Amino acid sequence: MHIQAGDTELLIRSAEADDDDFILGLVERLVDFELPKWRKKNVVSEGIRRDLIKHLENQPPGSFLFVAEDASDGKRLGFLHLQTVTDFFTGHLNCHVSDVAVAKGADGKGIGRALIGYAEDFAREHRCERLTLAVFPGNTRARELYEGIGFGVELLRMTKPL
């Protein structure tokens, strides 16, 4: 699917085996902000990496990985990981944005917004009731994007380190 992101025309396509290194190379972007004081970046990034490897290698049902590339030259600019899940309260199908990351140097150009827009279209096509995501409080840039396009806080997950 072709989508316009600022001055760049994007091709958003299903991830392929040769995209694995690119996707895993963006894991550090997923922790490139202040984490809660009880979370260590290396531990969080390793957990994300393990989860992505599981999804890349096993391709479980309900898991979908996409890559955004510049339509003119094929340069990969970001990725999106979606999962279809059952809503706890209603039992209906939801689409969860498990991961979304933009390559360094491509941020601020509308790539993330385009990937979330793609997620919305995907969710509608799959008859999902809601599009959900989780974001760390310290990821202010992402939070501002999400709130600006209509996401709101539904539940607050609270943690007490023991």
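Predicted model, so just to flag it, every value in this text is computed and none were measured.
For the pair Lys41 (side chain) and Phe33 (backbone), a donor-acceptor distance under 3.5 Å is present. For Asp87 (side chain) and His92 (main-chain N/O), no donor-acceptor pair under 3.5 Å exists by modelled atom type. In this structure a side-chain-to-backbone donor-acceptor pair under 3.5 Å is missing from Asn58 to Pro60. Looking at Arg49, its side chain does come within 3.5 Å of a backbone N or O of Leu24 through a donor-acceptor pair. Within the 3.5 Å criterion, the main-chain N or O of Gly6 finds a donor-acceptor partner in the side chain of Gln4. With hydrogens and angles ignored, the 3.5 Å screen pairs a side-chain donor or acceptor of Arg29 with a backbone N or O of Val102.
Put simply, Leu30 and Val43 are part of two different groups of oily side chains (I, L, V, M, F, W, Y) that touch within less than 4.5 Å, one to the next. Transitive grouping of hydrophobic side chains (ILVMFWY, heavy atoms separated by less than 4.5 Å) keeps Leu65 and Met1 in distinct clusters. Cluster membership check: Phe122 does not share its hydrophobic cluster with Val67, using side-chain heavy-atom separations under 4.5 Å among Ile, Leu, Val, Met, Phe, Trp and Tyr. In the hydrophobic clustering of ILVMFWY residues, with side-chain heavy atoms under 4.5 Å counting as a link, Leu77 and Leu26 come out apart. Val135 is connected to Ile111 through a chain of hydrophobic side-chain contacts under 4.5 Å among Ile, Leu, Val, Met, Phe, Trp and Tyr, so both are in one cluster.
A distance of 4.0 Å separates CD in Glu28 from OG in Ser45, rounded to the nearest 0.5 Å. The line from CD1 of Ile3 to OG1 of Thr8 is 12.5 Å long, rounded to the nearest 0.5 Å. Taking CG of Asn94 as the start and OG1 of Thr132 as the end, the distance is 6.0 Å to the nearest 0.5 Å. The distance from the NZ atom of Lys75 to the CZ atom of Phe22 is 9.0 Å, given to the nearest 0.5 Å.
By the 4.5 Å heavy-atom criterion applied to side chains, Val100 and Tyr146 are counted as neighbours. The closest side-chain heavy-atom distance from Pro137 to Arg143 is below 4.5 Å. Side chains of Asp99 and Leu80 form no contact here, defined as non-hydrogen atoms less than 4.5 Å apart.
When every heavy atom of Leu115 is checked against every heavy atom of Ala101, the shortest pair comes out as CD1-O, 4.2 Å. Of all heavy-atom pairs between Gly112 and Leu145, the closest is C-CD2, 4.2 Å. Looking at every heavy atom in both residues, Gln83 comes nearest to Ser98 through NE2-OG, 3.1 Å. Between Leu131 and Ile116 the shortest heavy-atom distance is CD2-O, 4.3 Å. Contact record, Arg141 with Asp107: NH2-C, 3.8 Å, taken as the closest heavy-atom pair. When all heavy atoms of Gly110 and Ala5 are compared, the closest pair comes out as O-CB, 3.6 Å.
Residues passing the side-chain contact (heavy atoms from CB on, under 4.5 Å) test with Val44, sequence neighbours excluded: Val31, Leu35, Arg39, Ile48, Phe136. Shown here are the side-chain contact (heavy atoms from CB on, under 4.5 Å) partners of Asp7, two or more places apart in sequence or in another chain: there are none.
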For residues 148-162, run the donor-acceptor check on the side chains, cut-off 3.5 Å, and write out each pair with its distance to 0.1 Å, sequence neighbours left out.
none

Result block: side-chain N/O donor-acceptor pairs under 3.5 angstrom for residues 10-17, not counting sequence neighbours:
| unit_1 | atom_1 | unit_2 | atom_2 | d |
| --- | --- | --- | --- | --- |
| Arg13 | NE | Glu69 | OE1 | 2.9 |
| Arg13 | NH1 | Asp19 | OD2 | 2.6 |
| Arg13 | NH2 | Asp19 | OD1 | 2.9 |
| Arg13 | NH2 | Asp19 | OD2 | 3.3 |
| Arg13 | NH2 | Glu69 | OE1 | 3.2 |

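Classified by interplanar angle (parallel below 30°, tilted 30° to 60°, perpendicular above 60°), the ring pair His126/Phe64 is tilted.
Pairs engaging residues 53-66 under the salt bridge (Lys or Arg N to Asp or Glu O under 4.0 Å) rule: Asp51-Lys54 [sequence neighbours left out]. Note on residues 69-89: pairs passing ring pair (Phe, Tyr, Trp, His ring centres under 6.0 Å), not counting sequence neighbours, are His55-His81.
Remark: Asp21 CG is loosely packed, at most 12 non-hydrogen atoms of other residues, nucleotides or ligands lying under 6.0 Å away. Dense packing is recorded around CD of Glu129, with more than 12 heavy atoms of other residues, nucleotides or ligands lying under 6.0 Å away.
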Inset, instruction - Give the C-alpha distance, both sets of side-chain angles, the deciding distance and a yes or no for side chain to side chain contact (heavy atoms under 4.5 Å, CB included) between Thr90 and Arg130. - result: CA-CA 11 Å; Thr90 66; Arg130 290 177 177 80; 4.3 Å; yes

